[in-house]
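Data block below; observations after.
Letters go in sequence order (proteins before strands), and every chain restarts at 1.
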Protein chains: 2
Amino acid sequence: MARHPSRGETAVEGRTPTVYDVADRASVSIATVSRVLRTPEAVREATRERVLAAVRDLGYVPSGNARALAGRKTGVIGLCFPDHDALEEEDRPAGAGAGGVRVVDDRRRGAAPSSPNLYFDEVLRGAEAEAWRRGFALMVAAGRGPARDVVVNDVAGRCDGLAVLARTVSDELLTHVARRLPVVLLADAARAGGDLPDGLDHVSVDNAAGMQALVAHVVSGLGVRDVVYVAGPADSPDDAERQRGLLAALDAAGLDRAAVEHVRGDFRRDAADVAVTGLLGRRVPRALVCANDQSALGAMDALRRRGLRVPDDVYVTGFDGLDVGRFTQPPLTTVAQPMAELGRAAVRAVVARLTDPAAAPLSARLPVEVLLRESCPPVDTPM
Amino acid sequence: MARHPSRGETAVEGRTPTVYDVADRASVSIATVSRVLRTPEAVREATRERVLAAVRDLGYVPSGNARALAGRKTGVIGLCFPDHDALEEEDRPAGAGAGGVRVVDDRRRGAAPSSPNLYFDEVLRGAEAEAWRRGFALMVAAGRGPARDVVVNDVAGRCDGLAVLARTVSDELLTHVARRLPVVLLADAARAGGDLPDGLDHVSVDNAAGMQALVAHVVSGLGVRDVVYVAGPADSPDDAERQRGLLAALDAAGLDRAAVEHVRGDFRRDAADVAVTGLLGRRVPRALVCANDQSALGAMDALRRRGLRVPDDVYVTGFDGLDVGRFTQPPLTTVAQPMAELGRAAVRAVVARLTDPAAAPLSARLPVEVLLRESCPPVDTPM
DNA sequence: TTGAAAGCGCTAACAG
DNA sequence: CTGTTAGCGCTTTCAA
């Protein structure tokens with residue numbers, strides 16, 4: 001007895017075909033259709049051919065949702081980011097546009113703000129690659145505005161596991177969601193220690209060690225005493241870790257921690273520009289150690305406007321290893337994070353947890369690399 | 001009579017909670033639970049509170065798949081890319097890494113290959129933003145290797161609509177999939193005309209006009225006669241369009257088309273490097289017009305190794321408007337595509353089609369912008 | 001090798 | 001305002 005009595009032998013035009021339609025057309029049961037798609041070798045060749053033909057004729061594409069529901073797993077991994085830098089745009093009509101060209105002299109635009117999220121892009125790329133390699137689809141969600149929690153909750157419902165970047169959602173939601181599926185936290189190094197929701201897995205980079213090595217180069221290698229730190233947002237665990245590295249380097253060099261002034265940025269270029277401009281109104285330090293690359297770019301903007309040269313007048317360092325740092329004038333000394341690898345590692349961690357739910361909580365710590373470039377060069381060529 | 005008689009009043013430990021569990025705990029029916037989640041105002045306050053409490057207590061997250069199945073729509077839009085540049089990596093153990101730092105002198109590395117897919121990254125970002133703004137989740141898939149079709153088919157089954165970049169999958173699969181859900185083709189300008197699978201929507205940029213304007217600048221503006229074109233892959237519709245623009249510009253300037261030599265690249269930096277190196281073994285043209293920015297970077301690599309200066313000895317132009325072009329030495333003259341906008345427009349097109357399946361096929365054509373920078377400067381300052 | 005039947009977890013009429 | 005009842009399209013025993 002057909003479960004769908006309304007379905008006769010002929011597929012109703014306009015409805016998307018289902019297993020039933022294929023089964024009808026191939027004169028087999030829906031079970032056989034399913035087998036042809038999942039375990040072809042379990043079906044006699046002739047039957048298989050018939051089914052496949054029906055699939056083609058009907059334009060049948062199996063419903064991933066039904067599959068997921070019946071199979072009790074989605075085959076999807078979710079990746080959640082914090083807000084993009086308010087990337088919002090107005091509604092532009094997308095009508096059959098006319099095309100067109102404008103020619104502009106782009107020489108004097110200086111270094112206009114580069115696209116905001118290189119960092120996430122790279123993480124995403126790594127995650128994407130790894131997910132597909134492992135046979136999972138990847139769903140991305142940049143939580144924007146107050147709806148972040150809602151969005152993440154939504155994504156959680158569609159995935160087998162989740163990778164969430166630091167500071168994307170409230171701890172509350174994180175805990176809630178983690179009860180239902182494996183959640184891996186990314187780049188939230190400072191919290192790997194303790195106050196994390198129960199036994200979440202965790203992947204991060206060695207912020208502190210990276211910053212420590214970098215600052216060691218500045219104070220011990222180059223012998224700089226007059227350093228200013230351009231900090232990140234107060235609530236950033238990453239920044240906190242980097243500050244720890246900074247202090248550790250000062251201690252190791254026998255310097256007074258208080259000797260290093262901090263100015264507050266928020267990881268964004270323009271904010272750092274403003275902050276450093278303010279600083280320069282008072283004094284010009286020998287070195288600006290910035291919490292991230294974007295900030296370093298902003299710092300260089302400010303220095304340039306003041307007519308100060310890098311590295312001759314002021315050393316500048318960043319953190320992240322954005323590609324753009326290789327092309328700035330001068331190239332930017334920085335600490336390179338393995339961003340794509342971070343994405344990869346996160347997906348691996350999710351998959352591992354899926355495979356063995358009972359395994360001990362993982363806390364992977366990826367190594368970083370200090371890249372000495374002209375903005376704060378190696379010792380052998382100080383200039 | 002309960003549909004799930006096995007479910008008593010107590011949620012079985014270890015099973016992910018469902019509507020039934022929540023309903024039990026709140027002493028309501030599953031319908032009420034569903035209402036609380038979807039149309040809260042349709043439920044009495046007291047009841048609602050109880051249900052919400054149960055949701056929290058149980059750690060309930062609704063199954064997106066069940067929702068999609070019952071609601072006959074997924075709320076997901078898929079975005080499919082062609083292969084990344086063989087970004088494959090070996091399995092590295094992701095164990096509880098030890099962290100670490102390496103310090104390297106990065107000054108002489110020259111312009112090492114920058115990350116490969118800036119272009120897609122930007123498109124992706126635009127698509128992601130627009131999708132969420134419209135209330136859709138975004139699923140990404142970079143079809144790698146021969147499994148591309150499989151992957152796309154898989155994604156198709158999970159989405160309400162699909163945006164597919166040119167050359168990602170076979171036409172056959174495209175047609176097949178398009179029978180089931182709306183498919184928007186991206187950046188496949190050359191085919192907007194005719195041989196597309198029936199009535200697919202289409203979003204692209206004005207490749208031809210952009211290249212024509214750029215080359216007009218080179219031949220008419222700067223008066224260059226000796227031009228070599230560094231082409232893209234032979235099967236790239238985008239490259240084909242750009243070549244059309246090139247020829248149009250030559251025609252307009254009254255030049256012989258045959259006067260412009262073509263060397264074959266494939267959009268990748270290293271390939272262009274090799275091709276141009278070969279070319280330079282024979283002769284040094286006054287201008288190298290490259291099919292895309294990556295190729296232009298490769299061309300500049302080759303020129304640099306030969307000790308040739310840009311723009312003094314050779315003009316170089318790219319196409320795409322990658323951010324990195326603003327930071328190269330010299331900055332790269334190029335045609336900027338609105339990449340993020342391309343992603344946005346694609347998602348808008350999918351949503352539009354979903355909203356009105358009967359609408360006439362859309363073929364949006366986004367405007368481009370010629371950015372004259374030092375590698376091939378404006379006329380008023382030739383050097 | 002194939003078919004019948006029982007769900008997967010949720011939404012959406014339709015009653016009450 | 002709330003409960004009952006069909007499915008949504010597929011996978012998966014269990015039999016035949």
Side-chain angles (χ1 to χ4, degrees), chain A residues 1-7 11-12 15-24 26-51 55 58 60-75 154 156-158 160 180-181, chain B residues 1-7 11-12 15-24 26-51 55 58 60-75 154 156-158 160 180-181:
Chain A
M1 178 199 310
R3 160 115 176 269
H4 295 271
S6 63
R7 282 168 183 155
V12 182
R15 216 172 32 68
T16 50
T18 73
V19 253
Y20 292 92
D21 301 315
V22 177
D24 276 3
S27 312
V28 296
S29 73
I30 61 167
T32 296
V33 175
S34 182
R35 287 192 195 100
V36 168
L37 266 26
R38 309 198 67 67
T39 51
E41 63 286 359
V43 178
R44 200 204 316 155
E45 163 124 29
T47 317
R48 197 193 316 152
E49 304 285 72
R50 244 184 317 139
V51 172
V55 166
L58 260 23
Y60 170 70
V61 177
S63 155
N65 292 113
R67 251 153 126 110
L69 192 54
R72 266 161 277 273
K73 57 169 182 264
T74 68
D154 211 75
R158 312 170 190 270
D160 291 334
R180 184 194 211 269
L181 39 52
Chain B
M1 177 200 309
R3 161 118 176 268
H4 295 271
S6 64
R7 281 170 185 155
V12 182
R15 215 172 31 69
T16 50
T18 73
V19 254
Y20 291 92
D21 301 316
V22 175
D24 276 3
S27 312
V28 296
S29 73
I30 60 166
T32 296
V33 175
S34 182
R35 287 193 196 99
V36 168
L37 266 26
R38 310 198 67 68
T39 52
E41 62 285 0
V43 179
R44 198 205 317 159
E45 163 123 29
T47 317
R48 198 193 316 152
E49 304 286 71
R50 245 185 317 139
V51 171
V55 166
L58 261 24
Y60 170 71
V61 177
S63 155
N65 291 112
R67 268 190 160 153
L69 192 54
R72 267 161 276 273
K73 57 168 182 270
T74 68
D154 211 73
R158 312 170 190 269
D160 291 333
R180 184 193 210 270
L181 39 52

Interatomic spacing from [atom1] in [X] to [atom2] in [Y] - rounded to 0.5 Å:
X        : Y       : atom1 : atom2 : answer
A/Asp21  : A/Ile30 : CG    : CD1   : 11.5 Å
A/Arg180 : B/Ser63 : CZ    : OG    : 6.0 Å
B/Thr39  : B/Arg48 : OG1   : CZ    : 10.0 Å
B/Asn65  : A/Leu69 : CG    : CG    : 6.5 Å
A/Thr16  : A/Tyr60 : OG1   : OH    : 10.0 Å

Give a yes/no answer on whether the side chain of [X] brings an N or O atom under 4.0 Å of OP1 or OP2 in [N].
X       : N     : answer
A/Thr32 : C/dT1 : no
B/Ser29 : D/dG3 : yes
A/Thr47 : C/dT2 : yes

Value in whole Å for how far the [atom2] atom of [N] lies from [atom1] of [X]:
X        : N      : atom1 : atom2 : result
B/Asn65  : D/dG9  : CG    : P     : 14 Å
A/Arg158 : C/dG9  : CZ    : P     : 17 Å
B/Arg50  : D/dG3  : CZ    : C1'   : 13 Å
A/Asp154 : C/dC10 : CG    : P     : 13 Å
B/Asp24  : D/dG3  : CG    : P     : 12 Å
B/Leu58  : C/dG9  : CG    : P     : 13 Å
A/Glu45  : C/dT1  : CD    : P     : 12 Å

Heavy-atom side-chain contact between A/Thr32 and A/Arg35 under 4.5 Å: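 Yes, close enough: below the 4.5 Å cut-off.
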Validation row: B/Thr47, B/Val28 side chains within 4.5 angstrom (heavy atoms):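 In contact.
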Heavy-atom protein contacts under 4.0 Å, nucleotides 11-16 of chain C, coded B base, S sugar-phosphate only, - none: BBB---
Among C/dT1, C/dC10, D/dT2, the one nearest B/Arg44 by side-chain distance: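 Selected nucleotide: D/dT2.
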